[in-house]
Amino acid sequence: MAKNKSLLGETWDFLKVRKAWWLTPIIVMLILVGALIIFGQSSAVSPFVYALF
C-alpha cells in the first residue's frame, strides 16, 4: 500500500532521486512570487509591497 505524501514530500523525493537540485531555486522563487501576489492583493501589507516596485 502506497503512503499518502504531500506535494512537498513528493517534490523533495523527486529532487533527491533524480538529483535535480537545479530546480530548487526555481521552486523557491515561484513560492515567493506567489506569496507576494497573495499578500499584495488585499491586505495591510499591500502598501509596503507596492513600495518595493
Side-chain angles (χ1 to χ4, degrees):
M1 186 148 202
K3 293 192 297 185
N4 289 334
K5 291 188 176 183
S6 66
L7 180 64
L8 186 62
E10 290 283 339
T11 306
W12 179 252
D13 286 342
F14 175 79
L15 291 174
K16 277 195 323 189
V17 171
R18 303 281 184 188
K19 301 202 182 351
W21 297 112
W22 57 272
L23 283 173
T24 306
I26 297 170
I27 293 170
V28 169
M29 288 306 296
L30 284 173
I31 291 171
L32 289 175
V33 168
L36 185 66
I37 290 172
I38 290 172
F39 285 125
Q41 285 184 356
S42 61
S43 69
V45 183
S46 58
F48 301 109
V49 171
Y50 292 130
L52 292 175
F53 301 105

Q. Hey, what else clusters with Ile38 if you join Ile, Leu, Val, Met, Phe, Trp, Tyr whenever side-chain heavy atoms sit under 4.5 Å?
A. none

Q: Mind checking side-chain contact (heavy atoms from CB on, under 4.5 Å) for Leu7 and listing every partner two or more places apart, or none if nothing turns up?
A: Thr11

(Q) Checking Ile26 against Leu23 for the side chain to side chain contact (heavy atoms under 4.5 Å, CB included) test, could you report, in this order, the C-alpha distance in whole Å, the side-chain angles of both residues, the deciding distance, and whether it holds? (A) CA-CA 5 Å; Ile26 297 170; Leu23 283 173; 4.3 Å; yes

Q | Which residues share a ring-ring contact (aromatic ring centres under 6.0 Å, His included) with Trp22, sequence neighbours left out | A | none

Q.
Checking Lys16 now: which residues fulfil side-chain contact (heavy atoms from CB on, under 4.5 Å) with it, not counting sequence neighbours?
A. Trp12, Asp13, Trp21

Q | Under the side-chain contact (heavy atoms from CB on, under 4.5 Å) test, residues paired with Leu32 that sit two or more places apart | A | Val28, Met29

